[in-house]
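A quick write-up on the structure given underneath.
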Amino acid sequence: MPLWIAAFLRCLPLDAARPHWSRDAAFAVLDQARIAALTPAAAKAGIQAGMRRAGAAAIAPDVPLLARDLVAEQHLLHETALALLQYTPDIAIAEPDTLLLQVGASLAYFGGPRQLHRRITATLQAMGLHIGSGMAPTAQGAWLLAHQSCARSRRRVLQIDTMTTVLDAIPCALLPSAQARLDWLHGIGCRTLSDLRHLPRAGLQRRCGTELPRSLDAAYGIAPECHAWLQPPARFQQRLELPDYIAHAEAILAWAQRLLEPLCGWLTARRLAVQHFTLVLEHERGRHARAPTRLPIHLAQPAWQPSHLLSLLREKLGRLPLEAPAIALALHVDDTVEQPAASTSLFPEPGGSPTEHARLLDLLSARLGRERVLQAQPIADHRPEVANHWGAAQDVPSRPPRDLSHHDPFTLMDRPFWLLDPPVPLQVQQHRPVYAGQPLRLIRGPERIESGWWDAALTVRDYFVAEDAAAARYWIYRERDTEHARWFLHGRYA
């Protein structure tokens, strides 16, 4: 079903100025010499919205008055829209300071309209934004519900009939195209959208033009709506100035989330996943300048979910010794790949899916250190003691493992899982190798290995599968091309 969510950033001037001020600071934002927005601390000092600059300075001379930065506000608005691309690709920017989301196609994936609305609200709150939201079957209807000033008004409706009833009670002054003719409308007793709808359409068009009837019809779903959809950039680059010198990992993590949410939205919109990314902590500049601290994040499998990336960043920051306070953050995406296809399995995979396994490796590597979470990685070498080494579990093999299905099945079956390092020398009695006082009987072999001529560990061996009187099996070898050939125990079978 068609459904729209309108997210109205109520305190956008404050949010745009906040990177240069702490969250509890008292300050106000000026727009054309009048107070456009103010913090709660500034309101306690006696400043009110709409007050002139001179009056505010006289009442609270210690409260800073900042000029409104429209460029910073537009950047924050686009950054917020980028973060919301996690939930729908159809996002439009509407005036003033509002984002329109067409979420009809996303309802089933996110568990319905209520759950989707909660997730969108949680994302914006995690970015430190104050919003008003509305949900309706039309974009203009959702915009009107989001901009209502009455706290008791209904803001989320799903059906056209219910939306019509709710919109009828909204003051017509809230409709942007009606504000130019508001005095005339109030003069004839037209104060709500219901009154506006009942006016003669021909006379309303002659008096107010075609824009007012068109926007009114769009709000009620009578006329179609056209929007310019947001297009994500080709590359992701985000940088954030911090409000103060920050030397605590938890505080840095809270500000870093404002960078992670747009990253995840950009990845979702571009159908990409990140393999490596780096959080850069910028320090003091000038005479006491310090080099930035780079915090690389490596993933076992590509990911694009904010919860997973945030958990890894939390573990990394918790182990990072900060040599100096941070004054700015930057997020660099080092490597992206196409998002992997969704699992087509009907039932859960035993032992967890590969994605869950990769997330566990990422978490362990972030918590314990990349050098402490290892996995066996094969090497193309015939020598058993060289054919394997331990590498970082997050490293993706440079090439897939060889297909050994065409090899001798007895050769694969007879290789033991337990190798002795170093091999144990065996005694020889009556031309038979002896282990633990028992002569061994050769039941299979030889398998000849001649390798290592290119390095100092030249290997010339004949391998056998041997068995003692108790039917315990061993993997032994005899040296070749030596004057006195010796026997060694190299592996044991389970």
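Positions are given from 1 along the sequence.
Note that CG of L70 is 11.5 Å distant from CG of L77, once rounded to the nearest 0.5 Å.
In summary, D217 and R201 engage in a salt bridge, as defined by a charged side-chain N under 4.0 Å from a carboxylate O. By the 4.0 Å N-to-carboxylate-O rule, R285 lies close enough to E241 to be salt-bridged with it. The pair E282-R290 fails the salt-bridge criterion, with no side-chain N (NZ, NE, NH1 or NH2) lying under 4.0 Å from an Asp/Glu carboxylate O. Between R68 and E73, at least one side-chain N (NZ, or NE/NH1/NH2) sits under 4.0 Å from a carboxylate O, which counts as a salt bridge.
Taking the six-membered ring where tryptophan is involved, the planes of H147 and W143 are essentially parallel, since the angle between them stays under 30° and well short of 60°.
For an aromatic pair to be called close, the ring centres must be under 6.0 Å apart, and W184 with H186 fails this.
Between the Q257 side chain and the M127 main chain, no donor and acceptor come within less than 3.5 Å of each other. Formation of a donor-acceptor pair under 3.5 Å by the Q148 side chain with backbone atoms of G134 is not found in this model. No donor-acceptor distance shorter than 3.5 angstrom exists from the side chain of T278 to the backbone of L295, with no hydrogens or angles considered. Put simply, the side chain of T192 never gets that close to the backbone of A169: no donor and acceptor are under 3.5 Å apart.
Closest approach of L14 and F27 over heavy atoms only: CD2-CE1, 3.6 Å. The shortest non-hydrogen separation linking I252 to L281 is CD1-CD2, 3.7 Å. Nearest heavy-atom pair, T268 versus L85, reported as atom, atom and distance to 0.1 Å: CG2-O, 3.8 Å.
Relative to the six-membered ring of F110, R119 misses at least one condition, a distance below 6.0 Å or an angle of at most 45° to the axis.
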